[in-house]
Amino acid sequence: KKHYPASYTFLILTTPIVTLILLMTIPGINNITHTQAVVSMVGMAGILAANIANYFLLNNIIKVNDLTLATTQLSTQLEYQAGKYQQISAAYRNSRSLIHDMKKHYFFIQDCIKHEKYDAILAYLEQSIHSIEDSYNRVNTGNLVIDAFVSNHLSLAEQENISFATDIRLVKEK
């Protein structure tokens with residue numbers, strides 16, 4: 001449930017109460033002159049117009065507040081989605097980079113096989129495996145979700161030249 005400022009509630013409640021008090025103070029129709037009757041009717045019409053204007057103005061203020069809240073929520077959601085888009089873009093670039101690297105490895109191995117340089121393949125594979133282990137086993141907590149999350153943010157930080165340090169301690173539940 002939405003809560004509005006006390007001033008809105010005060011205006012919504014006091015305007016009809018003041019109107020009723022004013023209407024009750026108008027003298028009876030039999031005891032007044034024609035001029036007083038006209039003034040009373042104009043006063044009642046004015047009070048009615050003020051009540052209607054008060055209702056519409058307050059209603060519009062409430063709508064503006066609701067729209068402001070919705071705009072704020074949409075902006076927050078947009079920022080969140082932009083961040084997720086950046087993460088997906090980084091993951092896509094990483095996967096494209098992996099595909100490119102794998103093709104390069106396969107072409108090298110294929111060329112070595114064509115020229116019967118088998119020893120070069122073994123040395124190359126050992127060096128490649130060592131390189132992969134160094135770059136993809138940075139974070140190893142034993143929890144795949146945490147490993148992927150931290151590794152992804154570590155890669156993003158490196159791409160943006162941002163210092164990134166972790167101190168992760170997991171407590172296993174019994």
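Listed by first and then second residue, the side-chain hydrogen bond (donor to acceptor under 3.5 Å, both in side chains) pairs involving residues 112-122 are Asp111-His115 (not counting sequence neighbours).
Note that NE2 of His153 is 13.0 Å distant from OG1 of Thr166, once rounded to the nearest 0.5 Å. For the atom pair Gln77 CD and Tyr80 OH, the distance stands at 9.5 Å (nearest 0.5 Å). Ile47 contributes atom CD1, which lies 13.0 Å from atom CG of Asn54 (distance to the nearest 0.5 angstrom). Once rounded to the nearest 0.5 Å, the distance linking CG of Asn65 with CG of Asn60 reads 11.0 Å. In this structure, the separation between CD on Gln110 and NZ on Lys103 is 11.5 Å, given to the nearest 0.5 Å.
Connection of Ile168 to Leu154 is established within a shared hydrophobic cluster, with ILVMFWY side chains joined at heavy-atom distances below 4.5 Å, either directly or through further cluster members. Note on Leu48: it clusters hydrophobically with Phe56, by side-chain heavy-atom contacts below 4.5 Å among ILVMFWY residues. Taken together through direct or relayed side-chain contacts under 4.5 Å among Ile, Leu, Val, Met, Phe, Trp and Tyr, Ile52 and Tyr55 form part of one hydrophobic cluster.
The two residues Ile109 and Ile121 come nearest to each other via the heavy atoms O-CD1, 4.0 Å.
Gln81 CD: more than 12 foreign heavy atoms inside a 6.0 Å radius.
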### Task
Go through Lys84 and Gln87 one step at a time and tell me if the side-chain hydrogen bond (donor to acceptor under 3.5 Å, both in side chains) criterion holds.
CA-CA 5 Å; Lys84 290 301 175 189; Gln87 289 177 352; 3.3 Å; yes

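Under the side chain to side chain contact (heavy atoms under 4.5 Å, CB included) rule, Asp66 has a single partner from Leu69, Ile62, Val64, which is Ile62.
Applying the ring pair (Phe, Tyr, Trp, His ring centres under 6.0 Å) criterion to Phe164, with sequence neighbours excluded, gives no partner residue.
The shortest distance between side-chain heavy atoms of Phe108 and Lys104 does not fall below 4.5 Å. Using a 4.5 Å heavy-atom cutoff, the side chains of Ser97 and Arg93 are not in contact.
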